[in-house]
Number of protein chains: 2
Amino acid sequence: MVNIIDVARQAGVSKTTVSRVINNYPHISPDKRRQVMEAMEQLGFVPNPSARKLRGQVTTTIAVIVPKIVNPFFAYLVDAIEQEGYRQGYQTLICQTNEHKSKEIAYLDLLKNKQADGIIMAAIENDWADIEPYTAFGPIVLCNEYVNQNDVPTIRVDQHEGTYTAIRHLIERGHRKIMYCTGGLFTDFGKDKDRNQAYQRALEEAGIAINPNWILVDRHTIEDGKKVTELILDMSDRPTAVFTGSDEIASGLMMAARKAGLHIPNDLAIIGFDDQPIAEVLSPSLTTIRQPIARMGKQAVDMLVQLMDQQPLSTSLSKLPVELVIREST
Amino acid sequence: MVNIIDVARQAGVSKTTVSRVINNYPHISPDKRRQVMEAMEQLGFVPNPSARKLRGQVTTTIAVIVPKIVNPFFAYLVDAIEQEGYRQGYQTLICQTNEHKSKEIAYLDLLKNKQADGIIMAAIENDWADIEPYTAFGPIVLCNEYVNQNDVPTIRVDQHEGTYTAIRHLIERGHRKIMYCTGGLFTDFGKDKDRNQAYQRALEEAGIAINPNWILVDRHTIEDGKKVTELILDMSDRPTAVFTGSDEIASGLMMAARKAGLHIPNDLAIIGFDDQPIAEVLSPSLTTIRQPIARMGKQAVDMLVQLMDQQPLSTSLSKLPVELVIREST
DNA sequence: TTGTAAGCGTTATCAG
DNA sequence: CTGATAACGCTTACAA
C-alpha cells in the first residue's frame, strides 16, 4: 500500500506537506504543491480512510439506517441521501437492520467510534431512551419515523394530513365502510399514532362509527396484502374501501381482489401510501398519497450537516406536505 | 471514547490481554477473561474498527458495488449479500456508483486501503482492464455481470438460456414478429452478447428474419418502457410480442400499451426478465424469466470468502439456471 | 499465561 | 511556508 511517506519521499518534501496538500491548506508554495500532486498521481496514492478516521476529528462520513433496503420507499430514500451526501462531500454508509434491535445499536456505535460524523435514522427499532445517549457522540436525525419528544431533529411528512386526506377522499367517493390497514401497531406514539388519529377523526366527522374488525395492523408486504383480501372475502359485513399504509400492501390486496372477481373500484376501492413507481403501472392504477421522498432525503442531509457543523437549527422539526394522487382505484 | 486502555485499567490487566479477549485467543485464564468482559460491559466498550483496519491484516468487511440501489433487482441482490455476509461474520459496505466510472474506481480503492477484504461487483462501468489491477489488493467477484475473460471469478445466470427460452416461448405462442428490447447495447461482450445471440439463434432456428427496427437497446426504466410503446404505436409494421430485459421496462410498456387500447396479450404479448415482486401484481400478470437472486448473492459471498481465505476455487464460474414463469401477459 | 513496545497511515501541535 | 514529532486505538512479535 502506498502511503503518505512514499509520496513525501517521491516529491522530496515532508509528509506534513503532503498532508497539507491533501487537505487543501492555504499556505503552500505552488511549486511544492505541484510536486506533491505529481507524486500522488504517479504512485496512485489514495489516502487511507481508517487512518484519517483514527487520527482526525472528522470522518466526512454519514450513516443512514433503514430496516430493509428491498422496501422501495427506503431504497429511494437511501438513494436521495446518498446523492445529496455525495454532493456535499460525505460518504454515505448504508445500514440495514432487518428490524433487529441489536443491529440498530451496533450501527449507532458508528458514532461512538468515529466511523461516522452523524446518523440519519429512517426507522426506529429500539426505544428512544436507548438511542438518545448516542447523541452525545454525534447528531442523529430522524427521517420518516419520529418519536414523542420535542427536541429530536426530525424530517417527516404530515402523516395525519396524509391519512386524513385519504380517508376524506374515500368518504367523498361515497364510502362509509372503510377498512384501515397499516404498518405499525394501533399504538399511541410516532407515525402510527398520527395515522390512527386521522382515521378516527375523519370517520367521526362524517358521523361514521368505527368497526374494530376493519382495523388491521402490522401489515407491510405484498403477501400481507393478499391475506387481507382473504380476510375481507371471509367477512359477512365487508368494507367497500380500504386505506393501506403502503403501495405494496395495496398492490397485493388489489391483485388478490381482482383474482377473486371483485371489480376495483366498484366492489372495492383501494388507496395506497407512498406513490411508488408501481402505483402507476398497476391496473387499475393506484390512487395514493405521495410522499416527497427525494426532498425528505435532501432535507435530512441538510439538517444533519448543520448539526455536524455545530450550527444552530432554526427548527428541529420539518414537516413536509403530502399530496393525494387520484388514479383509477378509487 | 472509551478504549482498550480504559478497559485494561478497569480490569487490572494489560491492554494486550484485553485485545486477546476481544479476539478470542485461546490461552487466557478464565479469571482474567471474566474481569475483562465485565469491564467492557461496564464501560460500554466497542472496538474501534478504524484502528483494527489500520493495524490488522483483516477487516472482516466486504463491499458490494451496484449501479443503482433503487433498481429492485440490485436491492434484492444487496439484501441477499448483506444477510449472507452477516451470517459469515462480515460487515457489508453497500456502494452505489450511479453508473459513474469514477465512483466505481473510488470504491475499488477500498481494497487498496484495506477498508474491505474483498469486493462483489454487480455491474461494471469501467473496462475490465482498468479493474483487473485492483485484484492485486484483494479478490473481486463478479455477480450478475461478467466479462470476456476466463479466469475472473463470476456468479451469474445463464443469460443465453434465459433469453432463448423466452423467445422460444413467444414463438410457440405463435408469434413471428418479436421485438427485442434490452438494457446494455447490442454489443459483442458480456451479458448482452449472450442475450443478443440467443435472440438471433431462436429466430434463425424458427426461420424468422431479423427486423432491425425491432431491436432496441439501452432501455432500463419504467419510463423507457412507456416510450417503447409509443415507438411501437408509430410503426406501420408492428411487432406482436416484445421481449424486455427487465420487469421494469415490461411494466412501463404494458401500462402504456393498455392505455393506448391494446389488449395484452392478444394485441401485444410481453415477457419480462427478473421476476420481481411487481411481475405478479401487474394486470395482466407478467410472464417473465426468474433469476435466482438470493442464490446468486449467497454464492457470490461464498466464493468471495473462499478467495479471501486463500482457498483454491473449484471453478471460477458458476452459471445458475433461470426459469420461465408463465403468467397472463403472453 | 501475561506484559512491553513497535508500528499501521494520518493529522495537529509546535517550532523554526 | 515547512518540517519533526506526538498522538489516534488497536494488534502482534518478542520477552518474561
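In what follows, chains are A, B, ... by sequence order, proteins preceding strands, each numbered from 1. Computed from a prediction, not measured in an experiment: that's the story for all the values here.
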Round to the nearest Å and state the distance from [X] atom [atom1] to [N] atom [atom2].
X	N	atom1	atom2	value
A/Lys15	D/dT2	NZ	P	18 Å
B/Met1	D/dC8	CE	C1'	8 Å
A/Arg9	D/dG3	CZ	C1'	16 Å
B/Gln115	C/dC8	CD	C1'	12 Å
A/Met40	C/dG9	CE	P	17 Å
B/Lys112	C/dC8	NZ	P	19 Å
A/Asn24	C/dT11	CG	C1'	15 Å
A/Ile4	D/dT2	CD1	C1'	14 Å

Check whether any side-chain nitrogen or oxygen of [X] sits under 4.0 Å from OP1 or OP2 of [N], and answer yes or no.
X	N	answer
B/Ser29	C/dT2	yes
B/Arg52	D/dT11	yes
A/Tyr25	D/dT2	no

* Provide the closest heavy-atom pair for A/Cys143 versus A/Leu77 in the form atom of the first, atom of the second, distance. =>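 Closest approach of A/Cys143 to A/Leu77: SG-CD1, 3.9 Å.
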Heavy atoms under 4.0 Å, any strand shown: does [X] hit a base, just sugar-phosphate, or nothing?
X	result
A/Thr17	sugar-phosphate
A/Lys32	sugar-phosphate
A/Ile28	sugar-phosphate
A/Ser19	base
A/Asn23	sugar-phosphate

* Please confirm whether any donor atom in the side chain of A/Thr16 sits under 3.5 Å from an acceptor in the base of D/dA4, or the reverse. =>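 Such a pair exists between side chain and base.
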* Looking at the side chain of B/Arg55, which of C/dT1, D/dC10, D/dC8 is the nearest nucleotide? ->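 That would be D/dC10.
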* Considering only side-chain heavy atoms of A/Asn48, which listed nucleotide, C/dT10, D/dT11, D/dT2, is closest? ->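 The answer is C/dT10.
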* Under 6.0 Å from the six-membered ring centre of A/Tyr86 and within 45° of its axis: does the NZ or CZ of B/Lys103 meet both? ->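 Yes, B/Lys103 and A/Tyr86 form such a contact.
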* Asked: B/Ile140 versus B/Tyr134: any side-chain heavy-atom pair under 4.5 Å?
  ->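 B/Ile140 vs B/Tyr134: side chains touch.
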* May I ask you to test the B/Asn113-A/Pro49 pair for a side-chain heavy-atom distance under 4.5 Å? =>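 Touching, per the 4.5 Å side-chain cut-off.
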* Upstream residue (5' side of DNA chain D) when B/Arg20 and B/Ser50 are each assigned their closest nucleotide ->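 Final value for this comparison: B/Ser50.
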* **Lys/Arg-Asp/Glu bridge criterion (N-O < 4.0 Å) met for A/Glu104, A/Lys101** =>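 Salt bridge: no.
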